[in-house]
Asker: 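Have a look at this one before I ask anything.
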Amino acid sequence: MLTFLIFFLLLFAAQLAYLQLARRYGIVDNPNARSSHSQQTIRGGGLVFVLAVILSWIAGYLSMWVSLAVVLVGAVSLADDMRGLPQWPRLAAHLIASLALVLEWQQQASFSLGWIPLILFLVIGWINLFNFMDGINGITVAYALVALGTFYWVPELQDDRDWILLVGLSCLVFAWFNFRKKARVFAGDVGSVSMALILGYLMVKIILLTGNPWYLFFFSLYGVDAVLTLLIRLRRKENLFQPHRSHLYQFLANEKKLPHRLVSLSYAGLQLGINWLWLEGIGLDTFSWLPGLVFTAGLVGVYLLVRFWATPTEPLQQASKR
């Protein structure tokens, strides 16, 4: 317990130091027409997640390959937060980091090499999905805490509990500065991308260990919002590489004027309920297609109803030009 208290204090001190440095060197996020905030805010505070991974490796809680993967994507993402980078170095970092995780997974659970392309596609897709969902105060850290807490509870991941706890402490540190009406700091790409890789690593590991893909429902709210928003934008023939704010959580926070923290807590709380349902209600001891398909259909139906209610009647593309 004393060890984790010391780690917590180190992480808190590091976050304070970063705030000073970021303010000095102008590492800030300036609001624009697509933003959900209205004032200049420090970004890159999610660097504390990467620091937690480094401390976990130093303490012997986490392997070298996982640590190097998180540090790599964190370093490239921090550079992107500071001065902006082309797309290719970011994608290259995501690919190399994912390959490092594959080496780790091969040591933990034997699987056919033919699965590697699909695994890489899913991990890189998850990284970008999670990054897209980082758009309002508190949503990333609240959702991450639910995911980390769920993974901590899963018996098959008991060997990972020490470093999961340490990363969770870094989330609490970040939440102190971010989970506010007016956030003092945003996670930035360094935070959202590194956290996505951490959670993606745990997700793939538990699926490989158990052979049950329904553990994916631990990420179901982010998944349904990101995937259906992407499909809707494709249907409207929008440029997918252009910034937007047409996720459901953005409609709730911007068009419906719900407090950011309420929307963030709603996503986290609903996801916690879903995780409990699958762990304690439906059960994940065995795999069956029927409950997963029924759950997916229900979730998509409820999502579309809420989205229909929250979507503005005037297209965002026209409103943003005024």
Side-chain angles (χ1 to χ4, degrees), residues 1-15 18 44-78 93-111 116 119-120 122-124 126-127 130 140-141 143-175 187 189-210 215 218-219:
M1 184 62 69
L2 178 61
T3 300
F4 286 101
L5 176 60
I6 293 173
F7 282 147
F8 178 81
L9 294 175
L10 284 173
L11 292 169
F12 199 90
Q15 186 76 97
Y18 178 79
L47 182 62
V48 70
F49 307 151
V50 180
L51 179 57
V53 167
I54 294 173
L55 290 176
S56 296
W57 175 67
I58 293 173
Y61 301 152
L62 190 57
S63 74
M64 178 185 68
W65 287 117
V66 179
S67 304
L68 287 176
V70 175
V71 169
L72 172 61
V73 297
V76 173
S77 298
L78 181 62
H94 298 172
L95 177 60
I96 294 171
S98 299
L99 286 170
L101 295 188
V102 167
L103 294 176
E104 182 71 16
W105 289 320
Q106 276 283 10
Q107 297 176 23
Q108 298 165 348
S110 178
F111 58 90
I116 292 179
I119 292 174
L120 293 177
L122 290 175
V123 173
I124 294 174
W126 165 248
I127 290 173
F130 194 87
T140 290
V141 70
Y143 202 84
L145 280 169
V146 167
L148 290 168
T150 304
F151 286 130
Y152 186 91
W153 188 258
V154 174
E156 289 83 358
L157 296 178
Q158 60 181 349
D159 292 339
D160 295 284
R161 285 178 175 172
D162 285 338
W163 76 267
I164 290 175
L165 179 58
L166 187 46
V167 174
L169 291 177
S170 72
C171 288
L172 292 178
V173 168
F174 177 75
D189 281 357
V190 62
S192 58
V193 171
S194 60
M195 181 57 68
L197 194 69
I198 290 167
L199 299 180
Y201 164 72
L202 291 167
M203 176 59 74
V204 175
K205 180 176 180 178
I206 189 62
I207 291 175
L208 291 174
L209 289 175
T210 63
Y215 279 96
F218 288 174
F219 296 160

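Only heavy atoms go into these numbers, but all of them, side chains included; no hydrogens, no water, no symmetry mates.
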Asker: Does any part of the side chain of L165, heavy atoms only, come nearer than 4.5 Å to the side chain of L148, both counted from C-beta?
Answerer: no
Asker: Run the side-chain contact (heavy atoms from CB on, under 4.5 Å) test on M203 and W126 for me, step by step, so that the C-alpha distance in whole Å, both residues' side-chain angles and the decisive distance to 0.1 Å come before the verdict.
Answerer: CA-CA 11 Å; M203 176 59 74; W126 165 248; over 6 Å; no
Asker: Drop me the distance from L55's CG to L166's CG, to the nearest 0.5 angstrom.
Answerer: 6.0 Å
Asker: Look up atom CZ in F218 and atom OH in Y143, then write down how far apart they are to the nearest 0.5 Å.
Answerer: 11.0 Å
Asker: Provide the closest heavy-atom pair for F49 versus S194 in the form atom of the first, atom of the second, distance.
Answerer: CB-OG, 4.0 Å
Asker: Kindly give the heavy-atom pair with the smallest separation between V141 and C171, and that separation in Å.
Answerer: CG2-O, 3.1 Å
Asker: A side-chain contact here means heavy atoms from C-beta on lying under 4.5 Å apart; do I164 and L202 qualify?
Answerer: yes
Asker: I'd like to know whether V48 forms a side-chain contact (heavy atoms from CB on, under 4.5 Å) with Y18, so could you lay out the CA-CA distance, the side-chain angles of the two residues, the decisive distance to 0.1 Å, and finally the verdict.
Answerer: CA-CA 9 Å; V48 70; Y18 178 79; over 6 Å; no
Asker: Pair I96, L72 - check side-chain contact (heavy atoms from CB on, under 4.5 Å), show working.
Answerer: CA-CA 8 Å; I96 294 171; L72 172 61; 3.7 Å; yes
Asker: On the 0 to 90° scale, with breaks at 30° and 60°, tag the F7-Y61 ring pair as parallel, tilted or perpendicular.
Answerer: perpendicular
Asker: Can you name the nearest heavy-atom pair linking E156 to I206, along with the distance?
Answerer: CB-CD1, 3.4 Å
Asker: Kindly say whether Y201 contributes a backbone atom to a donor-acceptor pair with the side chain of W105 at under 3.5 angstrom?
Answerer: yes
Asker: Should the heavy atoms of other residues, nucleotides or ligands under 6.0 Å from CH2 of W163 be counted, would the total exceed 12?
Answerer: yes
Asker: CG of L172 to CZ of F12: how many Å apart, nearest 0.5 Å?
Answerer: 11.0 Å
Asker: Please say which of I119, L120, I116, V73 ends up in a side-chain contact (heavy atoms from CB on, under 4.5 Å) with S98.
Answerer: L120
Asker: Do L157 and K205 pass the side-chain contact (heavy atoms from CB on, under 4.5 Å) test, and can you show the C-alpha distance, the side-chain angles, and the key distance before you say yes or no?
Answerer: CA-CA 8 Å; L157 296 178; K205 180 176 180 178; 3.9 Å; yes
Asker: Hey, what do you get for CZ (R161) to CH2 (W153), rounding to the nearest 0.5 Å?
Answerer: 8.0 Å
Asker: How long is the span from the CZ atom in F130 to the CG atom in L197, to the nearest 0.5 Å?
Answerer: 11.0 Å
Asker: Please find the pair of heavy atoms, one from A187 and one from S192, that lie closest to each other, and give the distance.
Answerer: CB-N, 4.3 Å
Asker: What are the two closest non-hydrogen atoms of L169 and F4, and how far apart are they?
Answerer: CD1-O, 3.6 Å
Asker: How close do I127 and A196 get, counting heavy atoms only, and between which atoms?
Answerer: CA-CB, 3.7 Å
Asker: Does the side chain of H94 come within less than 4.5 Å of V76's, by heavy atoms?
Answerer: no
Asker: So, taking the atom named CG in L62 and the one named CG in D159, what distance separates them when rounded to the nearest 0.5 Å?
Answerer: 12.0 Å
